[in-house]
Amino acid sequence: MEKQIDVHYYALFRDLRGKDRETLTTRAATPRALYDELGMGGAFRLDTRAFRVAVNDAFASWDAPLRHGDLVVFIAPTAGG
Amino acid sequence: MEKQIDVHYYALFRDLRGKDRETLTTRAATPRALYDELGMGGAFRLDTRAFRVAVNDAFASWDAPLRHGDLVVFIAPTAGG
Amino acid sequence: MFRITDEPIDPAACRRALEAPAAGGFVAFEGWVRDHNEGRAVVALEYEAYATLAEQEGERILEEARQRFEVERVGAVHRTGRLAVGDLAVWVGASAAHRDAAFAACRYVIDELKRRVPIWKREHYADGSAAWVGGVGHEHPAG
Amino acid sequence: MFRITDEPIDPAACRRALEAPAAGGFVAFEGWVRDHNEGRAVVALEYEAYATLAEQEGERILEEARQRFEVERVGAVHRTGRLAVGDLAVWVGASAAHRDAAFAACRYVIDELKRRVPIWKREHYADGSAAWVGGVGHEHPAG
């Protein structure tokens, strides 16, 4: 089913995507499907051991169901400190 | 041989001896002998695993030879920090 | 308390917040911007945080430290934005009755923070180039 | 540098002395006077040092830390005299390229300092009594 998903980009993903945020109209059922749909798989094929994803400001499974209006953030390996 | 030894007292030993320092005329050949001679063995029998001794501002053996004019300091278990 | 800030961190103020009459030991870790990394000269670092989630995850880590170790107080602050060599990027502190717990809690918080909290850094090199630090880099895609 | 002082310790000044462009991690330990020990309420501590030997032995410990760990700088200051609850009795710090070395060096210095440096403390209790802390006590002779 088609729905709207907000995606916010940080750091590496912002550079790759060339923007901070966007609202996508998509049929992707999960963050994994959304990631693939964005076509970032070329340079950054999804590595679920290294990358994480947040849905609505909480860590989520790559296979969690996406709902209309969700906010998704892809999280590259962190390097705080 | 009789000689003069300066002894400085800190902390527990100052309390036991009732003074900061004194110059003793003694025949004690080593810090161990001097310690025994001072008669502190009653309350504080020498425990060479716990107590240390310094001669002329450096840690020394309890059996090092004492010379005229040496400065001796008995060191109770420390508790800095 | 865990805080993300784009203002300079004041370590003296952070430390005061952890004082407690029952605390006999206090350990602080500070991450400073250093002038090199993996053999390259670094002139600046740029930190970016997904602030909402970073603060939540940071608070979770502090709460874990309180549960695991006999501490009085723990706290951490992470800076964002562009920092020069020598600048303070992160401050972590723990106070406890005894030093074992203070050391262990401080170490736990900085290790988990680096591993789990969504903060990224880009290194700016002396030759003018820059790269995000982590498992993958913009200049050398893992793809 | 290792220092014995009867003036209040300034942790900010101690920290500044360990700054180095190659340092990415800094760890500090502080010993604070706490309000209890072994179940007794403590109102003050009195520290006394055999200063000449304490400074020598302290310097020796710092030098050992520099040899054993990949540190940039290490330093320590110990206060003497009468201190109230919450006062800073000892400060130890280490800066290093990486945090492992900074943690290890800081821990090494405080552990060795407590074990080897000729400094003693007397606890003053809420009931007006006092005792030297250590293997033996004035009030309960080991003899």
Side-chain angles (χ1 to χ4, degrees), chain B residues 5-24 30-64 66-67 69-81, chain D residues 2-4 9 29-34 37-38 45-58 60-61 76-80 83 88-92 106-107 109-123 130-143:
Chain B
I5 300 290
D6 289 318
V7 190
H8 290 186
Y9 300 104
Y10 291 92
L12 186 62
F13 285 117
R14 193 189 50 245
D15 288 359
L16 281 173
R17 195 66 183 164
K19 59 183 84 171
D20 280 291
R21 56 183 61 200
E22 62 189 321
T23 301
L24 298 169
T30 64
R32 185 190 301 274
L34 185 67
Y35 189 93
D36 289 342
E37 192 179 298
L38 284 168
M40 291 190 288
F44 290 92
R45 196 176 48 223
L46 180 60
D47 176 352
T48 53
R49 288 164 310 180
F51 295 1
R52 288 177 296 170
V53 66
V55 177
N56 302 329
D57 292 334
F59 289 114
S61 158
W62 283 100
D63 299 310
L66 282 184
R67 293 182 186 84
D70 278 351
L71 165 67
V72 171
V73 178
F74 300 117
I75 298 172
T78 59
Chain D
F2 188 92
R3 212 156 44 83
I4 302 284
I9 298 170
F29 170 81
E30 298 185 9
W32 297 345
V33 177
R34 67 167 190 265
N37 192 29
E38 296 181 2
L45 286 184
E46 204 184 322
Y47 283 94
E48 185 177 338
Y50 173 9
T52 313
L53 185 53
E55 294 196 335
Q56 277 176 37
E57 190 69 4
R60 198 170 296 133
I61 291 167
V77 184
H78 204 297
R79 175 91 182 270
T80 55
L83 279 71
L88 175 52
V90 59
W91 188 95
V92 173
C106 184
R107 183 69 202 247
V109 171
I110 185 60
D111 286 356
E112 294 298 302
L113 186 161
K114 281 175 175 271
R115 204 167 64 79
R116 291 160 51 184
V117 175
I119 298 173
W120 300 272
K121 72 178 160 203
R122 176 152 43 189
E123 290 179 342
W132 292 102
V133 176
V136 292
H138 199 178
E139 300 180 323
H140 306 285

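Chain letters run A, B, ... following the sequence lines, proteins first, then strands; residues in each count from 1.
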Top of D:R116, D:Q56, D:E46 for chain B proximity - count of heavy-atom pairs under 4.5 angstrom: D:R116
Chain B contact via D:Y47 - which portion, at a heavy-atom distance below 4.5 Å: side chain
Gap separating the CG atom of B:D15 from the CZ atom of D:R122, nearest 0.5 angstrom: 4.5 Å
Non-hydrogen side-chain atoms of D:K121 and B:T78 separated by less than 4.5 Å: no
Check: D:H78 side chain, B:G81 main-chain N or O, donor-acceptor pair, under 3.5 Å: yes
Backbone N/O of B:A76 and side chain of D:W120: donor-acceptor pair under 3.5 Å: yes
Candidate list B:F13, B:Y10, B:F59, test ring pair (Phe, Tyr, Trp, His ring centres under 6.0 Å), partner D:Y50, passing option: B:Y10
Taking every non-hydrogen atom, the tightest pair across B:D57 and D:T52: OD2-CG2, 3.5 Å
Toward chain B, the part of D:R115 with a non-hydrogen atom under 4.5 Å: backbone
Which atoms of D:E57 approach chain B - backbone, side chain, both or neither, heavy atom under 4.5 Å: side chain
Part of D:A76 lying under 4.5 Å from any heavy atom of chain B: neither
Heavy-atom neighbours of B:R67 CZ exceed 12 at 6.0 Å: no
Flag side-chain contact, heavy atom, 4.5 Å: B:I75 against D:L53: yes
Interchain contact, B:A11 with chain D, by part (heavy-atom threshold 4.5 Å): both
